[in-house]
There are 2 protein chains.
Amino acid sequence: MSYANQMPPNHALSGELRVALGQAARRIRQQRGEAGLTDPQYNVLLWLTKKGPLTPGQLADIERIQPPSMTRTVNALAELGLVQKSEHPTDGRQVVVTLTDAGVAEVAETRRRRDAWLTERLQEMTAAERQVLTDAIELLRRIAQS
Amino acid sequence: MSYANQMPPNHALSGELRVALGQAARRIRQQRGEAGLTDPQYNVLLWLTKKGPLTPGQLADIERIQPPSMTRTVNALAELGLVQKSEHPTDGRQVVVTLTDAGVAEVAETRRRRDAWLTERLQEMTAAERQVLTDAIELLRRIAQS
DNA sequence: TATTGTTATACTCTATAACTATA
DNA sequence: TATAGTTATAGAGTATAACAATA
């Protein structure tokens, strides 16, 4: 058997990609500063920044975690004063999560700190390499959302 | 200000890449089958497959976690019968972790199961898109190892 | 009856601090 | 005294099951 005129088997790419993704993601995560927000907490603030107020259920769907997990994360952010929970105007079952001013400021500061390390790594790369990663982002999003 | 003749600022790429990486990695992780190994457990088996017997300390270094965390993972694998802990031949302080036959078989089976989902996603992509991800793997490794 | 969110409970990963055994 | 590994303890994320409130 030969693989002439054929890409390497997808399962080989799959295995390498999966391991590389996992290790890169963890490495980046390790760069969070002391006393910084955890990954799930920061992600929630990012979504609120991007989409405006959301319910816990919507946040759980976006992050693909179960509602009880999101309850926990939102409560932690509320205790930190970074988000505010309020009643839904028309549906008494729902809760609306809104960024506070402190939350907005925290997003800016945390983003700066957490991206700093990765930005340095990217600056060590060539423009062509950065382009590969730029192209990969869309594909990674597709994987994440499927 | 214009960005003509200039890449998007690296910090913008950094933020998008970080989020996309994290979400893709988590999505893939969610695909582990029931009763399958956890990520850290599987990673240890992979390293042992690749490098042969290692000490807990070496495994902790490779995975960039603290020794107590690795002790726990190795013990879990030992209880599952997938690795064996034995004395170091010359240094009584050290421990040697070796794959058992069951561990070797488990690696093959777990790899197959965990890669299956991602392989499907890759097959939905074009050859050019797969090439982007193939190129990205090396860059992700560089990020992970820096 | 269905939906939204929470509480209760449990498991895993991770970390730091303190301890044991060996070099 | 330094190193390798473990134990003790704690914090965070995640999940499922059961419950309350509302639609």
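Predicted model only: the values in this text are computed from it and were never measured. Letters A, B, ... mirror the listed sequences (proteins, then strands); counts begin at 1.
Put simply, CD on B:Q66 is 15 Å from C1' on D:dT7, counting in whole angstrom units. As a whole-Å value, the separation of B:E87 CD from D:dG5 P is 13 Å. In this structure, B:D61 places its CG atom 13 Å from P of D:dT3, rounding to the nearest Å. As rounded to whole Å, 12 Å separates atom P of D:dT6 from atom CD1 of B:I65. The CG-C1' distance, from A:L37 to D:dG13, rounds to 15 Å in whole Å. Rounded to an integer number of Å, the gap from CG of B:L59 to C1' of D:dA4 is 13 Å. Atom pair B:H88:NE2 and D:dT3:P shows a separation of 16 Å (rounding to whole Å applied).
Within 4.0 Å of A:P67, counting heavy atoms only, lies at least one base atom of the nucleic acid.
Shortest non-hydrogen contact noted between A:A76 and A:Q41 is CB-NE2, 3.6 Å. Shown here for A:W47 and A:L59, the closest heavy-atom pair between the two residues is CB-CD2, 4.1 Å.
For A:E87, the CD atom sits in a loose shell: 12 or fewer heavy atoms of surrounding residues, nucleotides or ligands are nearer than 6.0 Å.
Considering only residues two or more places apart in sequence or on other chains, B:T126 meets the side chain to side chain contact (heavy atoms under 4.5 Å, CB included) condition with B:A128, B:E129. Residues satisfying the salt bridge (charged side-chain N to carboxylate O under 4.0 Å, His left out) criterion with A:E138, sequence neighbours excluded, are A:R142. Listed by chain and residue number, B:L54, B:T55 satisfy the side chain to side chain contact (heavy atoms under 4.5 Å, CB included) test with B:Q58 (two or more places apart in sequence, or in another chain). Under the side chain to side chain contact (heavy atoms under 4.5 Å, CB included) criterion, A:D61 pairs with no residue, sequence neighbours left out. For B:R141, the side chain to side chain donor-acceptor pair (under 3.5 Å) partners at least two apart in sequence or on another chain are A:E16. Take B:R93 and apply the salt bridge (charged side-chain N to carboxylate O under 4.0 Å, His left out) test, not counting sequence neighbours, and it matches B:D91.
Contacts with DNA chain C (heavy atom under 4.0 Å) in residues 69-78 of chain A: A:T71, listed by number. Taken residue by residue, residues 41-57 of chain A places heavy atoms nearer than 4.0 Å to DNA chain C at A:T55, A:P56, A:G57.
One N or O on the side chain of A:R130 and one on the backbone of A:M125 form a donor-acceptor pair closer than 3.5 Å. Judged by distance alone, with hydrogens and angles left aside, the side-chain atoms of A:R64 form a donor-acceptor pair with the main-chain N or O of A:A144 at under 3.5 Å. No donor-acceptor pair under 3.5 Å is formed between the side chain of B:S69 and the backbone N or O of B:I65.
When the side-chain nitrogen and oxygen atoms of A:K85 are compared with OP1 and OP2 of C:dT4, none of them lie within a distance under 4.0 Å.
Axis angle between the ends of the helix from C:dT1-D:dA23 to C:dA23-D:dT1, five pairs each and rounded to 10 degrees, works out to 10°.
When each of C:dT14, D:dT14, D:dT16 is scored by its nearest atom to the side-chain atoms of A:R26, the top-ranked nucleotide is C:dT14.
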Go along nucleotides 18-23 of chain C 5' to 3' and tag each nucleotide: B for a protein heavy atom under 4.0 Å from its base, S when only backbone or sugar atoms are that close, - otherwise. ----BS

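Listed by first and then second residue, the side chain to side chain donor-acceptor pair (under 3.5 Å) pairs that reach into residues 72-84 of chain B are B:N75-B:K85, sequence neighbours excluded.
Of the two residues contacting DNA chain D, namely A:E63 and B:Q94, the nearest-nucleotide position lying further toward the 5' end is that of B:Q94.
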Extract all donor-acceptor atom pairs below 3.5 Å that involve side chains of residues 95-105 of chain B and protein atoms in other chains or at least two apart in sequence.
| residue | atom | partner | partner atom | Å |
| --- | --- | --- | --- | --- |
| B:T100 | OG1 | B:G81 | O | 2.7 |
| B:T100 | OG1 | B:L82 | O | 3.1 |
| B:T100 | OG1 | B:A102 | N | 3.4 |
| B:T100 | OG1 | B:G103 | N | 3.0 |

